[in-house]
2 protein chains.
Amino acid sequence: MPTPLYQLKAEFFKSLGHPVRVRVLELLSVREHAVGEMLTQVGVEPANLSQQLAVLRRAGLVSSRRDGAVVHYRLTSEQVAELLAVARNILTTVLAGNVELLEDLRADDPGT
Amino acid sequence: MPTPLYQLKAEFFKSLGHPVRVRVLELLSVREHAVGEMLTQVGVEPANLSQQLAVLRRAGLVSSRRDGAVVHYRLTSEQVAELLAVARNILTTVLAGNVELLEDLRADDPGT
DNA sequence: ATGCAATTATGAAACTCTGCAATGAACAAC
DNA sequence: GTTGTTCATTGCAGAGTTTCATAATTGCAT
């Protein structure tokens, strides 16, 4: 298997590796959103949000459409919502594992 | 929704955002692998591979087990394989979109 | 023209990556 | 038991990226 393919896949995941970008994708998983709408939900500077949106656009994950003064964003594929769902499941599993660890730690009295 | 949750999700995706780490996860999607095995498949310095494995371990995506001199790695959850599959699908969609763009470009003769 | 929405430009701080050197862990040979 | 070897991990430092704020710019409507 060619190396550049792994590079491509890695770039793909990198584009998801930012809290604002994750938040945006979750908003867009529900429905199309205007930039202004997202601004109030996400709570970052407009310029910052634009930069993160640009990353998602370059990755091909979202597309934008201008309607008068406002710009609307949407997912390019519903599969992105599915990806986020699977990721959430894994995170749940992993964190559940950590909770067990914490309980083990609590039960592990060093004094006895 | 609390901000640290998005931070957590972002960290999760970040841990997938490196070609070596993607490659490792794909190998482990098939079956458990020893570090030495992966070394020959991935083609990076041992120290480098160890670092990438450490990232995956800290993220809770893989677990390791020592068997004599060699260390074996496995996925902590089969769901990781599913995640990679969904990602591959999205990437296919996105790249197909790009191919169309390229064809459009080719058909777009600026001379006429 | 003026104002509002969104994007782009730029630069400083923070973080990631990777090779090299050093360290640790298991095991065989002596 | 300790010496030598192999397998794997950790520490460190430089080079390279990413992030985010401020400032400047573009696009559209009034």
Side-chain angles (χ1 to χ4, degrees), chain A residues 3-25 27-28 31-76, chain B residues 3-4 6-25 27-28 32-76:
Chain A
T3 311
L5 186 48
Y6 290 104
Q7 186 61 45
L8 220 56
K9 292 181 183 178
E11 296 295 343
F12 173 80
F13 284 119
K14 255 192 235 175
S15 70
L16 298 169
H18 188 289
V20 169
R21 298 199 290 267
V22 171
R23 185 94 148 99
V24 163
L25 290 177
L27 288 173
L28 298 184
R31 60 168 174 80
E32 191 176 89
H33 279 72
V35 173
E37 273 182 304
M38 294 193 274
L39 263 181
T40 67
Q41 295 284 318
V42 176
V44 297
E45 297 291 321
N48 194 340
L49 182 56
S50 261
Q51 310 217 20
Q52 307 308 335
L53 288 171
V55 172
L56 294 174
R57 254 188 287 119
R58 269 180 253 130
L61 289 170
V62 304
S63 62
S64 62
R65 159 179 77 81
R66 186 152 211 138
D67 179 14
V70 311
V71 176
H72 297 270
Y73 278 81
R74 62 189 310 176
L75 297 184
T76 51
Chain B
T3 311
Y6 291 103
Q7 185 62 43
L8 220 54
K9 292 181 183 179
E11 297 293 343
F12 173 80
F13 284 120
K14 258 192 232 175
S15 69
L16 298 169
H18 188 287
V20 169
R21 299 199 289 267
V22 171
R23 182 121 220 239
V24 163
L25 291 177
L27 288 172
L28 299 184
E32 192 177 89
H33 278 73
V35 173
E37 272 182 304
M38 294 194 274
L39 265 180
T40 68
Q41 295 284 318
V42 177
V44 296
E45 298 290 320
N48 194 337
L49 182 56
S50 262
Q51 303 262 16
Q52 308 309 335
L53 288 171
V55 172
L56 294 175
R57 254 187 287 119
R58 279 194 291 271
L61 288 170
V62 305
S63 62
S64 62
R65 159 179 78 78
R66 184 153 213 138
D67 179 15
V70 311
V71 176
H72 298 270
Y73 278 82
R74 63 188 311 175
L75 297 184
T76 51

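Note that the structure is a prediction, hence the values are computed from the model and not measured. Throughout, a chain's letter reflects where its sequence line sits, starting with A, and its residues are numbered from 1.
- A search for salt bridge (Lys or Arg N to Asp or Glu O under 4.0 Å) contacts involving R66(B) returns nothing, not counting sequence neighbours.
- Residues L61(A) and F12(A) meet the side-chain proximity criterion, which asks for heavy atoms closer than 4.5 Å.
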Between V71(A) and L53(A), is the side chain to side chain contact (heavy atoms under 4.5 Å, CB included) condition met? List the steps. CA-CA 11 Å; V71(A) 176; L53(A) 288 171; over 6 Å; no
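- Contact between the side-chain N/O atoms of Y73(A) and the OP1/OP2 oxygens of dA5(C) is not found at any separation under 4.0 Å.
- Reading DNA chain D from its 5' end, the first and the last nucleotide to sit under 4.0 Å from a heavy atom of chain A are dT19(D) to dA29(D).
- Of all heavy-atom pairs between Y73(B) and E32(B), the closest is O-CG, 3.1 Å.
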All N/O pairs under 3.5 Å across the protein-nucleotides 16-25 of chain C interface:
{"from": "dT18(C)", "atom 1": "OP2", "to": "H18(B)", "atom 2": "NE2", "distance (Å)": "2.6"}

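- Looking at heavy atoms from C-beta onward, S63(A) lies in side-chain contact with R74(A) at the 4.5 angstrom threshold.
- Between D67(B) and L39(A), the residue anchored nearer the 5' end of DNA chain C, judged by the nucleotide with its closest heavy atom, is L39(A).
- For the pair M38(A) CE and dA5(C) P, the interatomic distance rounds to 14 Å; values are reported in whole Å.
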Show me the side-chain donor-acceptor pairs of residues 43-50 of chain A shorter than 3.5 Å, one per line, residues at least two apart or across chains.
{"from": "N48(A)", "atom 1": "OD1", "to": "Q52(A)", "atom 2": "NE2", "distance (Å)": "3.0"}

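- For the pair L56(B) and L28(B), the minimum side-chain heavy-atom distance is 4.5 Å or more.
- Bending across the helix from dA1(C)-dT30(D) to dC30(C)-dG1(D), expressed as the angle between its end axes from five pairs apiece, amounts to 20° (10° rounding).
- Here the side chains of V24(A) and H33(A) are not in contact, with every heavy-atom distance at 4.5 Å or above.
- Residue pairs satisfying the salt bridge (charged side-chain N to carboxylate O under 4.0 Å, His left out) criterion with at least one member in residues 54-63 of chain A, sequence neighbours excluded, are absent.
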